[in-house]
Number of protein chains: 2
Amino acid sequence: MTESQSQKPDYERELRNAGVRITRPRRVILGILSDAGDHPDAMEIFRRAVAIDASISLSTVYRTMKLLEGVGAIHRHAFEGGPSRFEPAIGEHHDHLIDIETGDVIEFQSDRIEELQQEIARSLGYDIVHHRLELYGRKRRKR
Amino acid sequence: MTESQSQKPDYERELRNAGVRITRPRRVILGILSDAGDHPDAMEIFRRAVAIDASISLSTVYRTMKLLEGVGAIHRHAFEGGPSRFEPAIGEHHDHLIDIETGDVIEFQSDRIEELQQEIARSLGYDIVHHRLELYGRKRRKR
DNA sequence: AATGCAATTGCAAATCGTTTGCAACTGGAA
DNA sequence: TTCCAGTTGCAAACGATTTGCAATTGCATT
C-alpha cells in the first residue's frame, strides 16, 4: 500500500465548479473513484457501483468517466491488451510499470526521462503535447 | 523521406523458414509491407492490397499481420485513439513521436532513456519484458 | 413546497476495430 | 497428379465503448 497519493480528491466540488450537475449515480461513481487505490476499468467501476446502487448502468459509468476526463479530473490509460483503466488526476505526473502477470500498476517518475523526451522532441522540431511511457515487466525472481 | 531503414526485409524467406506457406494473398501483403515507408493500419494495407489483387479480404490482412507479428517479422503499435499500425521489424529498436495533427510517425532512439528505464524497473524489483514510449506532439511553429 | 425544463439516466441498439466459424479453395510434398 | 492440411473469403460474432431515445430527475425558479 503506497502512501504516495492518499489525499482523496473532492470530485463533487470539482464538478460543481465545472458547472456539472451532481446526480445520484454520479455521486456513487465519484465516491468509488475517490477511494480507489488501484487503476480500475469501466467494468470494475460498474461492479463496485452496482454494489452500492443496483440501478446504475454501465453507460453512465462510461459517460461519467468521459465527463471527468473532460474536466481533467481523471486520467485514462489504455494499457496493452485490455480496456481503458482510470485513475484520479491528483499528485504530480508519473508513468506506469505494469506487472504483466497480475495487471498491477506501479507508478514511477523520472525527471531525467522527462527532460530527455523534451530534448528529443525539440531536436525533431516538435512540441510534446503529451506522452505515454509504460514499462511492461514481471517481478524479478529473487535468487 | 528518411533513409534510416531502407533495407527491405525478405519476408518470404523469413516466413518459409518459420514453416509458413506462401500464398498469393500473402505474397501481395508482404510486398506491400516490404516497401511501406510509413506505419499503415490494417485498413490501409487492405486498400493497397486490393489495388493489386481485388480478391484479397480484410480478414486475410488481419490474419497475416497476426502471423507476421507472431514470428517477430513486424511490430504492432496501438497508438492513441486509432487502429493498430504496423511496421517491419527491421533495424534497431526505436520509439515513436506521433504528429497529432497529421498522424505522421517519427522514429527516434535514446540509449539514455532505455538505460533509465532499466534502472527504474530494477529499483522496483521488476524485469522489463517490453515497453512503450510514445511522444504525441505537434510541429513547432517556426518563429 | 410546487413548477418547469434542460440535463441526465437506463436501456437497447449501433459503432469500431478485430477475430472467428465454416465451407470452398489452394500450396506444395509425395 | 493426387492429396490434404493450411489458407481463404464471407458473414457473423466479438469486446469495448458510444449513442438515440423516451422517461426521469436535479435544481434554479417561483
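The chains referred to below are lettered A, B, ... by the order of the sequence lines, with proteins before strands, and numbering in each begins at 1. Just so you know, these numbers use all the heavy atoms, side chains as well, and skip hydrogens, waters and symmetry mates.
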Report, one pair per line, the protein and nucleotides 2-5 of chain D atoms (nitrogen or oxygen only) whose separation is under 3.5 Å.
none

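- What separates CE of B:Met65 from C1' of C:dT18 is a distance of 13 Å, to the nearest Å.
- At the phosphate of C:dT18, OP1 or OP2 sits under 4.0 Å from a side-chain N or O atom of B:Ser84.
- In terms of phosphate contacts, A:Lys66 brings no side-chain nitrogen or oxygen within less than 4.0 Å of OP1 or OP2 of D:dT17.
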Check nucleotides 21-23 of chain C against the protein and report each pair of N or O atoms closer than 3.5 Å, with its distance, or say if there are none.
{"residue": "C:dG21", "atom": "O6", "partner": "B:Arg63", "partner atom": "NH1", "Å": "3.3"}

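- Summarising the geometry, the separation between CD1 on B:Ile29 and P on D:dG9 is reported as 8 Å, rounded to the nearest angstrom.
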N/O donor-acceptor pairs under 3.5 Å from side chains in residues 58-67 of chain B, not counting sequence neighbours:
{"residue": "B:Thr60", "atom": "OG1", "partner": "B:Ser57", "partner atom": "OG", "Å": "3.3"}
{"residue": "B:Thr64", "atom": "OG1", "partner": "B:Thr60", "partner atom": "O", "Å": "2.8"}

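- For the pair B:Leu67 CG and D:dG6 P, the interatomic distance rounds to 13 Å; values are reported in whole Å.
- Phosphate contact (OP1/OP2 of D:dG6, side-chain N/O of B:Arg26, threshold under 4.0 Å): absent.
- One can place CD1 of B:Ile56 at 11 Å from C1' of D:dG9, the figure rounded to the nearest angstrom.
- Per the geometry, CG belonging to B:Leu30 stands 14 Å off P belonging to C:dG27, to the nearest Å.
- Computed from coordinates, the A:Met43 CE to D:dT18 P distance equals 13 Å when rounded to whole Å.
- Of the side-chain N and O atoms in A:Arg24, none sit less than 4.0 angstrom from OP1 or OP2 of D:dT24.
- Atom CZ of B:Arg16 is separated from atom P of C:dA29 by 8 Å (rounded to the nearest Å).
- Of the side-chain N and O atoms in B:Tyr62, none sit less than 4.0 angstrom from OP1 or OP2 of C:dT19.
- Partners of B:Arg85 under the salt bridge (Lys or Arg N to Asp or Glu O under 4.0 Å) rule, at least two apart in sequence or in another chain, do not exist in this structure.
- One hydrophobic cluster, built from ILVMFWY side chains closer than 4.5 Å, cannot hold both B:Phe79 and B:Ile45; they sit in different ones.
- Every residue was checked against the side chain to side chain donor-acceptor pair (under 3.5 Å) condition with B:Thr23, not counting sequence neighbours, and none meets it.
- For the helix from C:dA1-D:dT30 to C:dC16-D:dG15, the terminal axes (five pairs an end, C1' atoms, rotation from four pairs onto the next four) enclose an angle of 30°, given to 10 degrees.
- A donor and an acceptor atom, one from each side chain of B:Glu114 and B:His93, are located under 3.5 Å apart.
- When rounded to the nearest whole Å, the span between CD of A:Glu44 and C1' of D:dA16 equals 16 Å.
- By the 6.0 Å contact criterion, CZ on B:Arg140 is enclosed, its count of non-hydrogen atoms from other residues, nucleotides or ligands being greater than 12.
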